[in-house]
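Notes to accompany the following structure.
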2 protein chains.
Amino acid sequence: MLTRIEMEAYFREAAEHCLPGLSLDCVVIGFHDTQLKVLLLRWKGTDEWSLPGGFILKTESIDAAAQRVLTERTGLDSIFLHQFHVFGEASRYDEEQNWQRMGLVMKPDGTWPARTVSVGYFALVDFAQVKPSPDALTDECRWWEIATVPDLLFDHTHIVEVALNTLRTQLAWQPVGYKLLPEKFTMPDLQRLYETILGRKLDTRNFAKKISALGVVERLEERRTGGAFKSPYLYHFDRERYAQALREGSLGLG
Amino acid sequence: MLTRIEMEAYFREAAEHCLPGLSLDCVVIGFHDTQLKVLLLRWKGTDEWSLPGGFILKTESIDAAAQRVLTERTGLDSIFLHQFHVFGEASRYDEEQNWQRMGLVMKPDGTWPARTVSVGYFALVDFAQVKPSPDALTDECRWWEIATVPDLLFDHTHIVEVALNTLRTQLAWQPVGYKLLPEKFTMPDLQRLYETILGRKLDTRNFAKKISALGVVERLEERRTGGAFKSPYLYHFDRERYAQALREGSLGLG
DNA sequence: CCAAAAGTGTTTCAGATACACCCATGG
DNA sequence: CCATGGGTGTATCTGAAACACTTTTGG
């Protein structure tokens, strides 16, 4: 449980160096084991989870702040980030209940932290490269399957929903495959990824045909061995052609 | 030119009732005479133009604030608004030059107004319904053709660019026709609108065929008379089917 | 040898594109 | 009567969807 001392130090620090009333929250998305995952933090001494987020330094751009926050949480240093929405409902921080769930105590003057507007980012990361680490206010940082995410603090459940919706509708213009898959991947990997995001099955032959026709991937001699059953070929993206397909919005697939 | 008194009153007012460091700017888009137009304000006693914008009351959601700001500028009271991006570069308000262009004088302590983060909205409105009116700090409020928009204050030129790009890439999911055209319109009106946004000519027969196939419009008995040449039929949108086509993203048209 | 995933081509259909002429209207 | 934009149908092509069997591998 957070002590009053810890909480006060945290907010004093933020008030001094950061923009007032503005924060950011990141929906970090990874893909593993045919599932989309999202990175969540658990608040000290509680069972309450929230998105990784933070404040913006007075001399820092919001994009840079998001990078900084995520570098600390994931150990990665050049993360694909996309700002997707601002959450500015007057009520989003109004409820005392949320602060109590976090294990925060009231400020000495009997009030709770004031209304904050939050800028939402989604990050697309290679699951395998991330080393999740909690911060001073949280006990744990780990991946959750999208389908099993618990009820989050504040409006974070809503923020996750909006992020996923945005990802779906912008599938054609976002580097989903490029950023979520490792350097080398198999055609079934890529297909599972699209199926998961779109929420429906795709035809194997048509999928392979379309991806090949776009020329965004190159097949390697290598195969992935060690799994059960027939060993699939490995592929990697052709950086140039992938970028071009994104510009033209031809990676929507349906 | 704005006096120090006026400026001070304005910022004192804002500081007292509004969220600090946060503003919003609106790219109000209309369509007239085969051209997209944007609504701009001219600052008192200067030739400098900017987007209509404002601050967010402490108890108000950002969306509500945008509605409020635009109601005052356009005379409309239920405007289609879409939040599309947050502009949070640390440098966007840094340059004294911008404040000087606006005709603002330095604050008494020798500083300029501090960094502000701005939430960008685009509004789609029926050109004919708008009654542009300036506010206390501006002399004039009027439509500009997109192609002839002058160099705007701060990063507003950039904001307009981002708004138009967003409009183009989200064409399939935004109620562009429904909101930009009047109640009754002709097929050529609708086609010109799409051509303008997409930046290319479309085939008349194919366009009419596709729109009809989607069933989003209904042809009226009435024709538009008074123009030169053959009188075109009038149409109106089928509200239900239009909404459905938007949900399915089938109004992209190529 | 069996179970399960990987890999591969052809046919069919729908939607997109290309294309040209007559009509109505105001000046 | 003429200049200009409005209105309409068909043939063709391209890309999407439907569809099944053989191969490989570990257990």
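Numbered from 1 within each chain, the chains take letters A, B, ... in sequence-line order.
- Listed in residue order, the members of residues 180-194 of chain A having a heavy atom less than 4.0 Å from DNA chain C are Pro188(A), Arg192(A).
- By the side chain to side chain contact (heavy atoms under 4.5 Å, CB included) test, Thr148(A) pairs with Trp144(A), Glu145(A), sequence neighbours left out.
- Take Gln244(A) and apply the side chain to side chain donor-acceptor pair (under 3.5 Å) test, not counting sequence neighbours, and it matches Glu248(A).
- Straight-line distance from the CG atom of Asp203(A) to the C1' atom of dA5(C): 15 Å, rounded to whole Å.
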Carefully, step by step, assess Thr169(B) and Trp173(A) under the rule side chain to side chain donor-acceptor pair (under 3.5 Å).
CA-CA 9 Å; Thr169(B) 63; Trp173(A) 298 276; over 6 Å; no

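- Following rounding to the nearest Å, Asn206(A) (CG) and dG15(D) (C1') show an atom-to-atom distance of 11 Å.
- Each of Thr225(A) and Lys209(A) has a nearest nucleotide on DNA chain D; the 5'-most of these lies closest to Lys209(A).
- Contacts of Arg192(B) classified as salt bridge (charged side-chain N to carboxylate O under 4.0 Å, His left out), with partners at least two apart in sequence or in another chain: Glu195(B).
- Taking the side chain to side chain donor-acceptor pair (under 3.5 Å) definition, one finds that Arg68(B) meets it with Glu60(B), sequence neighbours left out.
- With sequence neighbours excluded, the residues that form a side chain to side chain contact (heavy atoms under 4.5 Å, CB included) with Leu164(B) are Ile29(B), Leu36(B), Ile146(B), Val160(B), Arg168(B).
- Remark: Trp49(A) engages no residue in a side chain to side chain donor-acceptor pair (under 3.5 Å) (not counting sequence neighbours).
- By the ring-ring contact (aromatic ring centres under 6.0 Å, His included) test, Phe31(B) pairs with no residue at all, sequence neighbours left out.
- Not counting sequence neighbours, the partners of Tyr178(B) by the side chain to side chain donor-acceptor pair (under 3.5 Å) test are Arg239(B).
- If Arg205(A) and Gly227(A) are placed on DNA chain D by their nearest nucleotide, the residue sitting closer to the 5' end is Arg205(A).
- If you check every strand for non-hydrogen atoms under 4.0 Å, Arg224(B) touches nothing.
- Applying the salt bridge (charged side-chain N to carboxylate O under 4.0 Å, His left out) rule to Asp151(A) yields the partners Arg101(A); only residues at least two apart in sequence or on another chain are considered.
- Against DNA chain C, the stretch residues 228-236 of chain B makes heavy-atom approaches under 4.0 Å through Ala228(B), Phe229(B), Lys230(B), Ser231(B).
- The ring of His236(B) has its center no closer than 6.0 angstrom to the ring center of Phe185(B).
- Defining each end axis of the helix from dC1(C)-dG27(D) to dG27(C)-dC1(D) as the rotation carrying four pairs' C1' atoms onto the next four, with five pairs an end, the two axes are found to diverge by 20° to 10 degrees.
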